[in-house]
*Asks:* 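Take this structure, written in structure tokens, and hold onto it; I'll ask about it next.
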Amino acid sequence: MMSVSQTVTPEPVDLAYVSEPVGPAGHIGLITLATDFNSEDDLRGILPGDVRLFTTRIENANPVTVENLRAMADDLPRAARTLLPGYGVDVAIFGCTSGTSVNGSDKIAALINQGMPGVRVTNPLLAGELALKAVGAKRIAIVTPYLPAVTRSVADGFIDKGFDVTRLMGFGLDNDRDMTALPPKTILDAAMKVDTPDADAVFISCTAIRSAEIVAQAEQKLGKPVITSNQALIWHALHLINYTKPVKGFGTLFDHAPKP
């Protein structure tokens, strides 16, 4: 038996390899809620394989009320600093529609840029606005999972951008777990119910609900564009990194470019 003193020290060997960069077409950073059950899976399901999503979480608390949505914005600079520190991302997404509507797009972007200076930022309200304009919608019907006051804040956010809201409906839920538990079929039924003949498009609000997977079916049934928070986020983020390959299966939005 060989003793410890007789142990042979192995010589180091350099292993040859060909580097395969992670996310060669782009890196997208997601700041999602600590209580979020859905957006990471939803966004990755839409995202092309050559673009990679990196996530971090912001402190927040249920119930989802206007007051709690305002309070959580204070943690955005810290959260942004944890997105690939030293490397950075090409675009930062804030994954909360209601939080954006309560705090405002400009404030959200400014707080994220405090933690990650210079990064391009999008959020569901901004992406939704640009998506609706891209498909030519001026009059919209909106369905949300939220309490009435939060639902109203989302509608007001779009009205402030010049849209007419023809009908507004909410499920009256106050926490992320219950929102994600909404069956996609229930969301599809709500989209059918909220629609009005004079609406140019239907907007389905909230990154926590599983709405992206029913977009194509809803458009087929309604005969008009359907925009959801997560679908619009990926669409806008891909345009911000000048991604030009087609994205299929998530609605006609991906056939359009943002209007100047």
Side-chain angles (χ1 to χ4, degrees), residues 21-62 64 69 72-105 107-131 145 176-177 179-180 204-213 215 227-243 247 250 253-254:
V22 174
H27 296 166
I28 296 175
L30 167 65
I31 302 174
T32 188
L33 308 187
T35 56
D36 180 87
F37 282 79
N38 178 68
S39 61
E40 290 163 302
D41 286 343
D42 221 24
L43 293 171
R44 287 194 175 102
I46 306 169
L47 204 62
D50 53 355
V51 180
R52 188 64 67 92
L53 184 76
F54 301 89
T55 67
T56 191
R57 292 193 173 233
I58 183 176
E59 287 189 29
N60 73 296
N62 283 313
V64 180
L69 290 168
M72 74 178 178
D74 293 339
D75 193 41
L76 275 171
R78 178 210 60 82
R81 286 193 293 271
T82 70
L83 277 172
L84 295 185
Y87 297 95
V89 294
D90 300 306
V91 178
I93 287 173
F94 177 54
C96 184
T97 317
S98 54
T100 304
S101 68
V102 167
N103 290 285
S105 289
K107 180 179 179 179
I108 293 297
L111 289 170
I112 291 174
N113 282 147
Q114 283 183 26
M116 187 178 282
V119 71
R120 290 168 290 186
V121 178
T122 188
N123 62 66
L125 205 62
L126 171 61
E129 173 200 345
L130 295 175
D176 295 274
R177 183 175 61 183
M179 293 177 190
T180 303
I204 305 176
S205 181
C206 191
T207 60
I209 64 175
R210 294 172 289 163
S211 56
E213 61 192 82
V215 169
I227 307 299
T228 80
S229 292
N230 285 333
Q231 167 221 38
L233 278 172
I234 291 298
W235 170 82
H236 188 211
L238 290 176
H239 279 288
L240 288 174
I241 63 173
N242 298 314
Y243 190 88
V247 176
F250 297 97
L253 172 61
F254 287 94

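Worth saying up front: this structure is predicted, and the values here are computed from it rather than measured. For reference, positions follow the sequence shown, starting with 1.
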*Asks:* At what distance, to the nearest 0.5 angstrom, does CE of Met72 lie from OG1 of Thr35?
*Replies:* 8.0 Å
*Asks:* Which atoms form the tightest heavy-atom contact between Ile241 and Gly26, and what is the distance?
*Replies:* CD1-CA, 4.2 Å
*Asks:* Give, for atom CG of Asp42 and atom CG of Leu53, the distance between the pair rounded to the nearest 0.5 Å.
*Replies:* 11.0 Å
*Asks:* To the nearest 0.5 angstrom, please state how far the OG1 atom of Thr228 sits from the CD atom of Glu213.
*Replies:* 10.5 Å
*Asks:* Report yes if the side chains of Ile28 and Val51 come closer than 4.5 Å at any heavy-atom pair, otherwise no.
*Replies:* yes
*Asks:* Count the heavy atoms belonging to other residues, nucleotides or ligands that lie under 6.0 Å from CZ of Arg177, then report whether that count exceeds 12.
*Replies:* no
*Asks:* Identify the residue among Thr180, Thr32, Ile209 that makes a side-chain contact (heavy atoms from CB on, under 4.5 Å) with Asn38.
*Replies:* Thr180
*Asks:* Using side chain to side chain contact (heavy atoms under 4.5 Å, CB included), reason through Leu33 and Ile58 one step at a time and then give a plain yes or no.
*Replies:* CA-CA 5 Å; Leu33 308 187; Ile58 183 176; 3.7 Å; yes
*Asks:* Under the side-chain contact (heavy atoms from CB on, under 4.5 Å) test against Cys96, which residue among Leu125, Leu69, Asn123 passes?
*Replies:* Leu69
*Asks:* Quick one: are Val247 and Trp235 in side-chain contact, heavy atoms under 4.5 Å?
*Replies:* no
*Asks:* Taking all non-hydrogen atoms of both residues, which atom of Ala127 and which atom of His236 are closest, and how far apart?
*Replies:* CB-CB, 3.8 Å
*Asks:* Please find the pair of heavy atoms, one from Pro124 and one from Thr207, that lie closest to each other, and give the distance.
*Replies:* CG-CG2, 3.8 Å
*Asks:* Mind checking whether Thr122 and Leu233 have side chains closer than 4.5 Å, heavy atoms only?
*Replies:* yes
*Asks:* If I compare all heavy atoms of Pro77 with all of Gln114, which pair ends up nearest, and what's the gap?
*Replies:* CG-OE1, 3.6 Å
*Asks:* Considering all heavy atoms of both residues, which atom of Thr100 and which atom of Ser105 are nearest to each other, and what is their separation?
*Replies:* CG2-OG, 3.6 Å
*Asks:* Which atom names give the shortest non-hydrogen contact between Asp36 and Ala208, and what distance separates them?
*Replies:* OD1-CA, 4.2 Å
*Asks:* Looking at CD1 of Ile234 and CG of Leu47, how far apart are the two atoms once the value is rounded to the nearest 0.5 Å?
*Replies:* 4.5 Å
*Asks:* I need the His239 NE2 to Arg120 CZ distance, nearest 0.5 Å.
*Replies:* 13.0 Å
*Asks:* Can you tell me how far CG of Asn230 sits from CG of Leu43, rounded to the nearest 0.5 angstrom?
*Replies:* 4.5 Å
*Asks:* Would Val64 and Asp176 satisfy side chain to side chain contact (heavy atoms under 4.5 Å, CB included), going step by step from the backbone distance to the final call?
*Replies:* CA-CA 8 Å; Val64 180; Asp176 295 274; 4.1 Å; yes
*Asks:* Determine whether Pro48 and Leu238 make a side-chain contact, defined as any pair of heavy atoms from C-beta on separated by less than 4.5 Å.
*Replies:* yes
*Asks:* Would you please test Phe254 and Val215 for side chain to side chain contact (heavy atoms under 4.5 Å, CB included) and show each step?
*Replies:* CA-CA 12 Å; Phe254 287 94; Val215 169; over 6 Å; no
*Asks:* Side chain to side chain contact (heavy atoms under 4.5 Å, CB included) for Leu253 and Ile227? Distances and angles first, verdict last.
*Replies:* CA-CA 7 Å; Leu253 172 61; Ile227 307 299; 4.1 Å; yes
*Asks:* Could you tell me if the side chain of Arg44 sits less than 4.5 Å from the side chain of Thr55, heavy atoms only?
*Replies:* yes
*Asks:* Do Leu111 and Phe94 make a side-chain contact, defined as non-hydrogen atoms from C-beta onward lying under 4.5 Å apart?
*Replies:* no
